[in-house]
Amino acid sequence: MKKRIISILLVLVLVVGMLAGCSSGQSSEEPGKQEEGDKFGGTLNIGTFADPDTLNPLVGNDMAGSWILNLIYPTLMVLDENGIKQPYIIEEPEISEDGLTVTVTLKDGFKWQDGTPLSSDDLIYTYETLYEHQLQWQYEVLEGVEMKAVDEKTVEFKLSKPFPTFITTLGFWQRIVPAHIWSEVEDVKTFTNDNPVGLGPFKLTEYERGQYYVLESVEEWPLSPEGRPYLDKVVYKPYPDVNTMVLALKSGDIDLTAKEIPVAAARELENEEGFTVEQNVSLGYEHMAINLREPLLQDVKVRTAMAMAIDKSKVIDFAFDGDGIEMTGIISPVYEQFQIGNDLPSYDVEGAKKLLEEAGYKDTDNDGILNAPNGENLSFKVIFANTVTEHEKMARVLVDQMKEIGIELIPDPMDKALQTDKLYNTHEWQLTINTWGILDDVDSSVSTLFYSTAPLNWMGWKNDVADKAMDEMKSSLSEEITMKNMDIFQKEIIADLPDIPVFVKKLNFAYSNDFAGFKMFPSNLKGLVDPQSLQQVYKVK
Amino acid sequence: MGKYLQKRIVKGIITFFITITLTFLIVRLMPADPTTMLMDNRLTVAQQEQMLEDFGLDKPLPLQYVSFLGNLFKGDLGLSFMQKRPVMDIIKERLPWTLLLMIVTQAITLLIGIPLGVYSGYRRGSKIDHFINGISIFGISIFVPWLGFTLLYIFGYQLKMFPVGGAFTPGIEQGLPYILDVIKHLVLPVITLVFLYLANYVLYTRGSIIDVLSEDYIRTARAKGLKEKDVLWKHATKNAMIPTVTSAGMMLGSMVGGAVLTETVFAYPGVGRMIYQAVGQQDYPILQGAFIILALSVIIMNIVTDILCAYLDPRIKLE
């Protein structure tokens, strides 16, 4: 009897295993191509945190997806190592003097992976589709824009008003798809693109959702140092648990982490032989935003006192194990060129107390919390997403620091969706801890966060002088005008303090020393897995 | 028997209907608009409205409900917010892996749990009974991700006996190497889950063995001169199985909870990890689809266990 049960079980295991096997992709183990040149060959296994949301590059919108899609669908422009946008598959774009004509010319030698040469038709098809179906937010920059193909390689855009960052916005955010394939697609929005034909240093040859994505290098890639990528293959493997991902790195199942790893794991790997840990800085920053619709928070002295009460270095130490850079103004240190000395009020508990006292805030009912002249307690709820541990820790530090000056903070962790709903729709909040930032083109995009009508301006900040300065920056054709308005904008926002920036995270990425040639690009959006990095990574023999 | 079966099935259908209605409502009556998270912050108002329309979320609730039911009976669970693919396709990809994990776990847990329960009930109060009890209670109270990670650390990283996560090695040869590779990847997650669910079987079986052993027919069996081994394993165990079988059926629902954590830690591509990811991305159509499939399986399992119990104990009369 016992034997029978065991044998039934064994058969069951085998049968189920085979069934599962039926649905899996074919194996494609080929012998490593050992060819000329020392550096060629090898497979790089990369740990990621999730599957791509979709393989459709026109609608894909998440980070895990962008790491894979950016290798197979190009954008016109990319960030360089300093976060500055540079042409990728195009020559330097030409902008006419009046700022109304932008001409883009494709570099020579690029072919789609089915052999069709990349042409201006692909650009025009992509942008027309983007605009017609409003596929991504950047369709907006195409409003009132006329485009035409001047020749096979050149596209001319006619703008209705000057928009200096037109091509950097469109060129950086929009991936190009081959017109000859996509024009046959019935519905570009729901097209799953299961067998992508792309253009990039690698092509997606095999994948099993939830398990792995195999990308093989192409024969010809003009942007690689020796005309094609050194690696034979890049394999992405999703690990939803970051600790498992680190363990997989240590045991050799993967060679690189695309996603940043926890500080503790980074310190441990630094001391271990065979691994390199590299840091970069997040493009976003951690901040506490203030709802200016709340009567007690409308007093700028209360907001200023709160900013003065925050000891940022303590927040960094406690919430992020010291791996952060203090925000000194409203612009992240990543964009040094725009840090022009308009600093936040510095840490000064006594000064903050004095400021509140002079403004008439006293603890009239002796409960340890200051009262406003109308008798109300200076007591505020601070909302944050309950899944973000760092924000919870940050809230705990801020509670203590505000207590020092007699302001009570009540942490109110909640579901991310509920927090978002409160911030965008119902406006029922007082303070919130969050991450945000200006990803690119600081001069033209501060308005996405701070313009009085911007959806992301949850605070309800309305300052006509600042609005005007932001408008001017958006259409400015000279650096002088840009910087003048940047200064005006910064002075206004520092005086008003609708938002208190606290710190920028440092991100840690690790890789095995079996590989070299990595280049580090800004933030976790790009990190070590930007195509410009992977196209030149090689296996150390 | 036919009537009993009929009754159970009708009950099952009613339960299923209530469950899917609740699921439909829960997803839509959440405090936050289910589409909030879907919207990229930078999307324009026109784009946001278009998206609501694409997912049929601009219609009034009763209309949404009617089309939800209509689609459901066609086997259409809607489109995933994030992946923009049919939820049914996504679940179909993931389900085989979870089934494999669950069936193997159930089988092993039953194989180990029942004898342990019987033995420890029979030797009630002995040192070995305390030991078995201790182990089971430890298993049921342990934090699953911790156990999973510890196993990975010891057997995956330190001893290199098993792979660190995944369900099989990319590009492995089909046939026997593939099957062995799948088994190798299965071992640690199964150990984690077996440890977690062992207590259920051990404690249920132990409790009912203790009850059964004081019954008259056991005394009769012993008086007839049957061997103690036969009394215990044949006469007592069969009757003591009823609560265990019932709990096996009920466990299916709770097993999914374990699967969410286990599959996440082990990077196992099953339904549990799909749920984990969908929660993180607030992908409501996927969650809705997963809950409906789960409800359906729990209801079916309950009908099956009821029938099995009726077979084990003829006293559970069939009308």
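Note on naming: letters A, B, ... go to the chains in the order of the sequence lines (proteins, then strands), and numbering restarts at 1 for each one.
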K.L.:
Heavy-atom distances under 4.5 Å only: say whether V242(A) touches chain B with side chain, backbone, both or neither.
P.N.:
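For V242(A), neither part sits under 4.5 Å from chain B.
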K.L.:
What part of I90(B) gets within 4.5 angstrom of chain A, counting heavy atoms only: side chain, backbone, both, or neither?
P.N.:
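Contact with chain A: none, neither part.
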K.L.:
Is it the case that atom NZ in K234(B) sees more than 12 heavy atoms from other parts of the structure closer than 6.0 Å?
P.N.:
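12 or below, so no.
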K.L.:
Sort Y276(B) into side chain, backbone, both or neither according to what part of it lies under 4.5 angstrom from a heavy atom of chain A.
P.N.:
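For Y276(B), the side chain is the part near chain A, not the backbone.
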K.L.:
Answer with side chain, backbone, both or neither: which region of K237(A) has an atom nearer than 4.5 Å to a non-hydrogen atom of chain B?
P.N.:
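Looking at K237(A), just its side chain touches chain B.
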K.L.:
Is the closest side-chain donor-acceptor distance between Y139(A) and Q174(A) under 3.5 Å?
P.N.:
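There is no such pair between these side chains.
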K.L.:
Can a salt bridge be assigned to the pair R85(B) and E93(B) using a cut-off of 4.0 Å between side-chain N and carboxylate O?
P.N.:
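The answer is yes: the pair qualifies as a salt bridge.
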K.L.:
Which pair of non-hydrogen atoms, one from T244(A) and one from F149(B), has the smallest distance, and what is that distance?
P.N.:
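Heavy atoms of T244(A) and F149(B) come nearest at N-CE1, 3.8 Å.
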K.L.:
Is R209(A) paired with D194(A) through a side-chain N to carboxylate O contact shorter than 4.0 Å?
P.N.:
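Yes.
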K.L.:
Less than 4.5 Å to any heavy atom of chain B: does that hold for the side chain of D253(A), its backbone, both, or neither?
P.N.:
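Side chain only.
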K.L.:
Under 3.5 Å, is there a donor-acceptor pair linking the side chains of W173(A) and D440(A)?
P.N.:
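W173(A) vs D440(A): donor-acceptor pair found between side chains.
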K.L.:
Of all of G165(B), G148(B), A167(B), which one pairs up most often with chain A through heavy atoms under 4.5 Å apart?
P.N.:
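Highest number of pairs under 4.5 Å: A167(B).
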K.L.:
Looking only at heavy atoms and a cut-off of under 4.5 Å, which of F191(A), Y239(A), F49(A) has the most pairs with chain B?
P.N.:
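Sorted descending by pairs with chain B, the first entry is Y239(A).
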K.L.:
Under a 4.5 Å heavy-atom cutoff, which of Q277(B), M274(B), R273(B), E263(B) has the most pairs with chain A?
P.N.:
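Looking at each option in turn, the highest pair count goes to R273(B).
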K.L.:
Using modelled atom types and a 3.5 Å cut-off, is there a donor and acceptor pairing between side-chain atoms of N457(A) and backbone atoms of Y451(A)?
P.N.:
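Looks like yes, one N/O pair under 3.5 Å.
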K.L.:
Is it the side chain or the backbone of T190(A) that comes within 4.5 Å of chain B heavy atoms, both, or neither?
P.N.:
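The answer is both parts of T190(A).
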K.L.:
Please look at D51(A) and chain B and tell me whether the side chain, the backbone, both or neither of the residue comes under 4.5 angstrom of a heavy atom of that chain.
P.N.:
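Both backbone and side chain of D51(A) come within 4.5 Å of chain B.
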K.L.:
Return the option, out of T54(A), N56(A), T192(A), L247(A), with the maximum number of heavy-atom pairs under 4.5 Å with chain B.
P.N.:
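Sorted descending by pairs with chain B, the first entry is L247(A).
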K.L.:
Which pair of non-hydrogen atoms, one from P269(B) and one from R94(B), has the smallest distance, and what is that distance?
P.N.:
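For P269(B) versus R94(B), the nearest heavy atoms are O-CD, 2.9 Å.
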